[in-house]
Participant: 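Have a look at this one.
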Amino acid sequence: MTASEIRDGATPTHRYSATVAADIEQRWQDVWEESGTFEAPNPAGPLAAPDEVAGREKLYILDMFPYPSGAGLHVGHPLGYIATDVYGRFQRMRGRNVLHCLGYDAFGLPAEQYAVQTGQHPRKTTEDNVTTMRRQLRRLGLAHDPRRSVATTDPDYYRWTQWIFRQIFESWFDEQAGRARPIAELVALLESGARPVPDGRAWSELAEAERRDVVDGHRLAYVSQAPVNWCPGLGTVLANEEVTAEGRSDIGNFPVFRRNLRQWMLRITAYADRLLDDLEGLDWPEPVKLMQRNWIGRSDGARVRFATGHDTAPIEVFTTRPDTLFGATFMVLAPEHPLVDALLPAAWPDGTPPAWTRGGVDPRAAVDAYREQAIRKTELERQSEGRDKSGVFAGAYATNPVNGERIPVFVADYVLMGYGTGAIMAVPGQDERDWEFAERFGLSIVRTVAPPEGWDGEAYVGEGAAINSANDEISLDGMGVAAAKAAITDWLAAKGPGEHTVTYKLRDWLFSRQRYWGEPFPIVYDEHDRPIALPESALPVELPEVGDYRPTALDPDDGDTDPIPPLARAEGWSEVELDLGDGRGLRRYRRELNVMPQWAGSCWYEIRYLDPTNTQRFVDADNERYWMGPQGEGDVGGVDLYVGGVEHAVLHLLYARFWQKVLYDLGHVSAAEPFRRLFNQGYIQAHAFRDMRGQIVPAAEVEEQGDGTYSWHGQPVVREYGKMGKSLKNIVTPDEMYDAYGADTFRVYEMSMGPLDVSRPWETRAVVGSQRFLQRLWRNVVDEETGALRVVDKPCDDVTRRLLARTAEAVTTDLDGLRFNTAIARLIEYNNALTRLPAVPREAVEPLVLMVAPFAPHLAEELWSRLGHPQSLAYEAFPASDPALLVEETVTAVVQVAGKVRDRLEVPVSIDDAALRQRALASPRVASALDGRPVRTVVVRAPRLVNVVPG
RNA sequence: GCGGGAGUGGUGUAACGGCAGCCACGCGGGCCUUAGGAGCCCGUGCCUUCGGGCGUGCGGGUUCGAGUCCCGCCUCCCGCACCA
């Protein structure tokens, strides 16, 4: 082809197009893989390369564990992976030993639901999905260590998940030491008498079964019969964290019922204070810390017992306002409170107001009817009713311990069984809810905190002096809230009916699921139905094949059904004959048929990445200390940078912190926290379009009209804004971007759209801007027509050299601060400057290629290689700037009059205030702006600014 | 209701308390083309009597100087929500 033919034809042969990009990208991906470019050396174990570790600072970068869904990726998914990759490549060029990899969280409900829909075995669909995702991500050119890509569904992985569960099961929380200890140490303490048995008897007096009860009652993993979230639609129970505020399942949106079932729990509540306190030392976004604090929900207060006069235990309440105890004029119990039944008398007491009985012939009938109605109410109905208070008198009275007042006891659903003790003392004078209830039922109201002047008459919850709060022994009157709290709490403790206490919103973690696709528990039951942990040598307990892995189909709206674990169908698996080595010989045991929840595998994956092939331990101690150990005094340790969406603010991040702390207490890891620094990326949103009937139409087929309106096949549609997804028909896939532009353009575009932590709309038509940038860079190095190198080996001019220094400086600080968008703007600016040069000097463009490399690594490798460098640039030093070149000789000084810019002066950088002041006042523009007014003051900030203030 | 975050051109965004709008999309004009949904170059906040004036959600304040700090509103987004 002649040159004129090329010009006559369409695109020059050597233009950086999607085709050229695809060729370059796949070639370099192969090179990286074959030469193990991004394999991170360990200090010890099978992946050890001590020579490569020596003398380099380590950096552990982590992306949130993805689960491979069947839907494939859209362009929003890789955002965080690209960001961590850019950062990792940058830090590698600055000499750090970077650990970065990606595995798959492949167990769990989403994977299983997808398998159920497609009628295939979850193992098959999971493997297919992982393959698809690996392909889509490989095409992105992520600098991951492929040897470390674990999957939770691999028996070599879940063997250690089971091992950790076993550690949790075989330990207890020593409240005094504030940490977990091996269960054997508890047994020793009990045997020696150093620790009393809870009911006060001697250990030696206890029967074997009673001893087991005591020990099992202390374990961090325990079986309990308790109200749990039963979701018949999913066929499984769920953790509190997996249930929405509307009382439905997070996944699938099925109704959830409270039901008493025997389930595995993890004692996360034992760690409530440490999970709260250790947030202090973490470099996390404040909103996430706050969400964790709120979820843990610590509140300080007092327990107070109210005698009932019946033949029952007193009613114990929790209050954060013990100072208002003199104003407690009635009590309220949650409908499910266990004391309610014992309190109910045979008939209404004399003088019971009719409004209190809800028409019940006797208290039992009234309370039963009320409970029936309250339990039937869904969360949604409760909310639609607003805060209207309902309730019924229990026919009983209690005695206020501070003043001996006889106060009525009600049952009402505004008191929740799940918080505090499930019972409250009602203080209408200082509590809005109690006020509403008192008004409704005509109950007396006593103010015990003086409201401010002019208070409108409702409950006063603020600060103020105590009033009406004295008995023969103590008076709170005149005290502030804090002082009154302390005084009354001391009095209660001295007299017996109460004491200081702390309550948490956090509940223990419901850990078993009646599903198939999860980790089996390493647990068997003996003939007494007691759980026993299988020995380490029996791990992994492999997930058995079953004829039908689907959960038993149950009516989603019927909460009275029972869960049926699919593993019960595994032929010959549920019963097993074993010698557990406890001297009892070969015996028959029943296996645990539940599986672990989705979160189990993601509670410790960041640890397994460190040592993925270790067959002796879940992680080698040296490797763990090297990558995650504390860095000096006061550091909690953990991953150096963890990037992911804010949707895991509570669930995963809380569970993983809990497991980390157990492992830390037991001496298995050196880091007290798993994630030292957390960064929440924003989401990529997208526009969606509806036609006149309100139906969503495919966004890809919508055309923009000249007047800013939109049409779809000729009919007008309206634009809205939301998540990218199937339901809004607005998915754009990475594959489309690879085909149309190439991976490097896609990467640059995603990083240039805006700050990483801000959500923003996807705009396919804007991607071309990033392509033009890379094309211009390519053209600065390669002749589009001939493919020859265009770079000249001549010295660079001074202006360009200074611009390069400033660019390198700015790009470095931007990358350090994860400000990728501004770094790219700088690079484009510099590249545009090179484009305007008559010829591009090597000295000017080589640093640019290196600086672009973290963003567009394939293009950069290709240019680097064409520039004559035989080695990959992955370990080239990131360009540093000569400080001498950063110093300007002259600057533009801005001259303001009354704060408005009126002139600009080119001045030497060394100019002093007096000289600059003189030059500014000499400016004719200043004179004209002053318009004859006298000068009052002149603010001078040499060399950049003068502000002349007229009188 | 409580708590948190954010409001800047047509769009995404950028600005140590010191030149508002870097960079990019889009748009307008031009070049090159048989052609342009390619590429390149120039222009592009609004108004203007071409002097300049006005501009960072609204209203105040601090300051020589405020997009940035303080107070009060408005709007949007997120989290929690009868938590005693």
Side-chain angles (χ1 to χ4, degrees), chain A residues 7-12 15 17 245 285-291 293-295 297-299 301 317-321 324 332 334 382-383 385-389 412-416 418-427 430-434 436-437 503-505 646-647 649-650 680 704 706 708 748-749 752-755 757-773 775-776 779 784 810 819 821-829 831-832 835-836 892-904 928 936-941 944-950:
Chain A
R7 230 174 280 113
D8 286 349
T11 313
R15 170 164 298 165
S17 63
E286 255 336 291
V288 175
K289 288 189 182 183
L290 195 69
M291 278 189 249
R293 284 191 195 106
N294 290 342
W295 188 262
R298 183 188 153 114
S299 51
V317 303
F318 171 74
T319 177
T320 54
R321 294 294 302 275
T324 65
V332 184
R382 275 188 166 202
Q383 283 177 4
E385 280 172 19
R387 284 157 199 250
D388 282 354
K389 296 289 173 291
D413 66 1
Y414 84 92
V415 172
L416 311 173
Y419 184 76
T421 62
I424 62 161
M425 62 178 213
V427 188
Q430 272 76 231
D431 184 283
E432 285 160 7
R433 298 151 301 178
D434 296 346
E436 287 170 31
F437 194 86
T503 299
Y504 302 89
K505 212 180 90 178
V646 74
E647 71 272 18
V650 178
N680 290 128
E704 185 172 2
V748 169
Y749 176 64
S752 68
M753 290 167 79
D757 55 352
V758 173
S759 293
R760 53 195 165 264
W762 178 262
E763 189 102 50
T764 296
R765 71 176 180 185
V767 179
V768 70
S770 299
Q771 190 187 35
R772 286 179 191 147
F773 162 48
Q775 269 176 354
R776 278 198 299 275
R779 201 156 35 230
E784 282 191 339
R819 289 184 298 272
N821 54 324
T822 51
I824 288 173
R826 293 291 195 152
L827 293 170
I828 293 176
E829 225 175 338
N831 186 52
N832 287 347
T835 305
R836 285 188 287 269
T892 307
V894 171
V895 184
Q896 301 176 332
V897 175
K900 292 206 185 299
V901 180
R902 297 298 174 181
D903 201 2
R904 294 188 172 84
S928 109
R936 182 153 56 98
T937 6
V938 182
V939 179
V940 187
R941 296 279 181 275
R944 295 208 181 263
L945 183 117
V946 182
N947 189 9
V948 180
V949 187

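Quick note: numbers below take in every heavy atom, side chains included, and nothing from hydrogens, waters or symmetry partners. On a predicted model such as this, the values are computed, not experimentally measured, just so you know. Chain A is the first sequence line, chain B the second, and so forth, proteins listed ahead of strands; every chain is numbered from 1.
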Participant: Taking B:G21 as the reference, what is the distance to B:G29 when you measure between their C1' atoms (whole Å, please)?
Facilitator: 23 Å
Participant: Would you kindly give the CG-to-P distance between A:Asn680 and B:C78, to the nearest whole Å?
Facilitator: 15 Å
Participant: Between B:C82, B:A84, B:G65, which nucleotide gets closest to the side-chain atoms of A:Tyr414?
Facilitator: B:C82
Participant: Hey, which sits more toward the 5' end of RNA chain B by its nearest nucleotide, A:Arg779 or A:Val948?
Facilitator: A:Arg779
Participant: In whole angstrom, give the distance that lies between atom CZ of A:Arg941 and atom P of B:U63.
Facilitator: 15 Å
Participant: Under the rule syn = chi within 90° of 0, otherwise anti, which is B:G51?
Facilitator: syn
Participant: With heavy atoms under 4.0 Å as the rule, sort A:Arg836 into base, sugar-phosphate or nothing.
Facilitator: nothing
Participant: Remember a base hit wins even if backbone is also touched, and classify A:Glu784 as base, sugar-phosphate or nothing at under 4.0 Å, heavy atoms.
Facilitator: nothing
Participant: Measure the distance from CD on A:Gln771 to P on B:G26 and round it to the nearest whole Å.
Facilitator: 12 Å
Participant: Pick the C1' atom in B:G12 and in B:C27, then give their distance to the nearest Å.
Facilitator: 15 Å
Participant: Runs of at least three consecutive Watson-Crick or G-U pairs, both distances under 3.5 Å, are what I'm after; which ones involve RNA chain B?
Facilitator: B:1-7 with B:74-80, B:10-12 with B:23-25, B:26-31 with B:39-44, B:45-47 with B:52-54, B:57-61 with B:69-73
Participant: Parallel, tilted or perpendicular for A:Tyr749 and A:Trp762, by the 30°/60° rule?
Facilitator: perpendicular
Participant: Identify whether the glycosidic angle of B:G7 places it syn (within 90° of 0) or anti.
Facilitator: anti
Participant: When you get a sec, tell me which of B:A84, B:C41, B:U13 is the closest nucleotide to the side chain of A:Asn821?
Facilitator: B:U13
Participant: Nearest to the side chain of A:Leu290, which nucleotide is it out of B:A84, B:G4, B:G53?
Facilitator: B:G4
Participant: Within this structure, what is the CZ-to-P distance between A:Arg298 and B:C80, rounded to whole angstrom?
Facilitator: 22 Å
Participant: Between A:Ser299 and A:Arg819, which has a closest nucleotide on RNA chain B that is more 5'?
Facilitator: A:Arg819
Participant: Encode nucleotides 19-25 of chain B as B, S and - characters from 5' to 3', where the letter depends on protein heavy atoms closer than 4.0 Å: B to the base, S only to sugar-phosphate, - to neither.
Facilitator: BS-BSSS
Participant: Do the side chain of A:Asn821 and the main chain of A:Met753 share a donor and acceptor less than 3.5 angstrom apart?
Facilitator: no
Participant: Which of these nucleotides, B:G39, B:C80, B:A14, is closest to any side-chain atom of A:Lys505?
Facilitator: B:C80
